[in-house]
Asks: 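Questions regarding the structure given below will be posed in turn.
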Amino acid sequence: MSKLKINKILTYTIALIWLINGLFCKVLNLVPRHEQIISNILGDNYSKLFRILIGISEIIMAIWILSKFKSKINAITQIVIIAIMNVLEFILVPELLLWGKFNLFFALLLILVIYYNEFHLNKKIIQHK
């Protein structure tokens, strides 16, 4: 499979992860655990509002990924957000995570995929144009 095709598949997959988490898990609240996590970290008063705002931000991230606008800044932003969010959850609410403290491993895998897709695959594609 060509690097261009792998890059496209990974780009769409990464965007889909953000879209699913934003729209279904947070905006539509189909995974109530997300609001519990927010509530435990930030308090009950605004957990619903923050859940919706985070969900909308994740949907915007999916759109940004698909737009390929400033893709390197986008990749760095994703990596930083995923790292901060998962380290905080690992420390503050590991009991609410889908895979407990093992969630950090999956976050690291996603970070590596984002990095590889943008700074390795995308670099090769741009050089061959």
Side-chain angles (χ1 to χ4, degrees):
M1 191 176 320
S2 74
K3 291 184 181 203
L4 177 61
K5 192 170 224 165
I6 294 169
N7 176 259
K8 280 186 176 185
I9 290 169
L10 288 177
T11 299
Y12 286 118
T13 301
I14 294 164
L16 189 60
I17 289 168
W18 285 101
L19 179 65
I20 289 169
N21 275 288
L23 179 60
F24 296 105
C25 297
K26 296 194 181 76
V27 172
L28 298 176
N29 199 26
L30 297 179
V31 183
R33 181 175 39 81
H34 288 276
E35 189 166 338
Q36 286 179 297
I37 292 168
I38 295 165
S39 179
N40 281 21
I41 294 173
L42 300 175
D44 290 333
N45 293 341
Y46 300 103
S47 60
K48 181 179 180 180
L49 173 64
F50 280 118
R51 173 184 49 81
I52 292 168
L53 291 174
I54 291 167
I56 291 168
S57 299
E58 290 177 339
I59 294 166
I60 292 168
M61 179 65 78
I63 294 166
W64 185 13
I65 292 165
L66 295 174
S67 77
K68 297 187 180 194
F69 178 73
K70 302 231 181 232
S71 63
K72 294 205 181 320
I73 292 171
N74 177 278
I76 292 167
T77 302
Q78 289 181 73
I79 289 167
V80 169
I81 289 170
I82 293 166
I84 291 171
M85 175 186 67
N86 280 277
V87 167
L88 283 173
E89 291 171 347
F90 179 87
I91 293 167
L92 300 173
V93 289
E95 70 281 0
L96 293 176
L97 301 175
L98 185 58
W99 296 293
K101 290 189 173 188
F102 204 57
N103 256 41
L104 204 54
F105 171 75
F106 291 106
L108 181 59
L109 281 179
L110 181 56
I111 286 170
L112 291 173
V113 168
I114 292 166
Y115 179 85
Y116 176 76
N117 193 46
E118 181 58 38
F119 296 99
H120 181 71
L121 285 179
N122 202 28
K123 180 179 174 184
K124 301 268 185 196
I125 292 164
I126 291 170
Q127 287 176 349
H128 285 96
K129 284 187 177 181

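FYI, side chains are in, hydrogens and waters are out, and symmetry mates aren't considered; it's all heavy atoms of this structure.
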Asks: Is there a path from Leu110 to Ile81 through hydrophobic residues (I, L, V, M, F, W, Y) whose side chains come within less than 4.5 Å of each other?
Replies: yes
Asks: Using side-chain contact (heavy atoms from CB on, under 4.5 Å) as the criterion, list what pairs up with Leu112, not counting sequence neighbours.
Replies: Leu108
Asks: Checking side chain to side chain contact (heavy atoms under 4.5 Å, CB included) between Asn7 and each of Thr11, Ile9, Leu10, which is the one that passes?
Replies: Thr11
Asks: With a cutoff of under 4.5 Å between side-chain heavy atoms, which Ile, Leu, Val, Met, Phe, Trp and Tyr residues group with Val27?
Replies: Leu16, Leu19, Ile20, Leu23, Phe24, Leu28, Leu30, Ile52, Ile56, Ile59, Ile60, Ile63
Asks: According to a 4.5 Å side-chain heavy-atom criterion applied to Ile, Leu, Val, Met, Phe, Trp and Tyr, with indirect links allowed, do Ile14 and Leu121 form part of one hydrophobic cluster?
Replies: yes
Asks: Could you note down all residue pairs passing side-chain hydrogen bond (donor to acceptor under 3.5 Å, both in side chains) where residues 19-28 supplies at least one of them, sequence neighbours left out?
Replies: Lys26-Glu58
Asks: Test Trp18 against Ile82 for side-chain contact (heavy atoms from CB on, under 4.5 Å), laying out the working first.
Replies: CA-CA 11 Å; Trp18 285 101; Ile82 293 166; 3.8 Å; yes
Asks: Leu96 and Ile91: same hydrophobic cluster, using ILVMFWY side-chain contacts below 4.5 Å?
Replies: yes
Asks: Please report the interatomic distance CD1(Ile79) to CG(Asn74), rounded to the nearest 0.5 Å.
Replies: 9.5 Å
Asks: Hey, any chance Met85 and Leu104 share a hydrophobic cluster, counting ILVMFWY side chains that come within less than 4.5 Å of each other, even indirectly?
Replies: no
Asks: Which pairs pass salt bridge (Lys or Arg N to Asp or Glu O under 4.0 Å) with one or both residues in residues 81-107, sequence neighbours excluded?
Replies: none
Asks: Could you tell me the separation between the OG1 atom of Thr13 and the CD1 atom of Ile6, rounded to the nearest 0.5 Å?
Replies: 11.5 Å
Asks: In Å and rounded to the nearest 0.5 Å, what is the CZ to CG distance from Phe119 to Asn117?
Replies: 10.5 Å
Asks: Under 3.5 Å, which donor-acceptor pairs link side chains of residues 31-38 to any protein atom two or more places apart or in another chain?
Replies:
from	atom 1	to	atom 2	distance (Å)
Glu35	OE1	Arg51	NE	2.7
Glu35	OE1	Arg51	NH2	3.3
Glu35	OE2	Ser47	OG	3.3

Asks: Which other residues end up in the same hydrophobic cluster as Phe105, if Ile, Leu, Val, Met, Phe, Trp and Tyr are linked when side-chain heavy atoms come under 4.5 Å apart?
Replies: Leu98, Trp99, Phe102, Phe106, Leu109
Asks: Would you say the side chain of Ile41 lies within less than 4.5 Å of the side chain of Val93, judging by non-hydrogen atoms?
Replies: yes
Asks: Look up atom CD1 in Ile76 and atom CD in Glu118, then write down how far apart they are to the nearest 0.5 Å.
Replies: 8.5 Å
Asks: May I ask whether Met1 and Tyr12 are part of the same hydrophobic cluster, defined by side-chain heavy atoms of I, L, V, M, F, W, Y residues being less than 4.5 angstrom apart, directly or through others?
Replies: no
Asks: Does a side-chain heavy-atom distance below 4.5 Å link Trp64 with Ile73?
Replies: yes
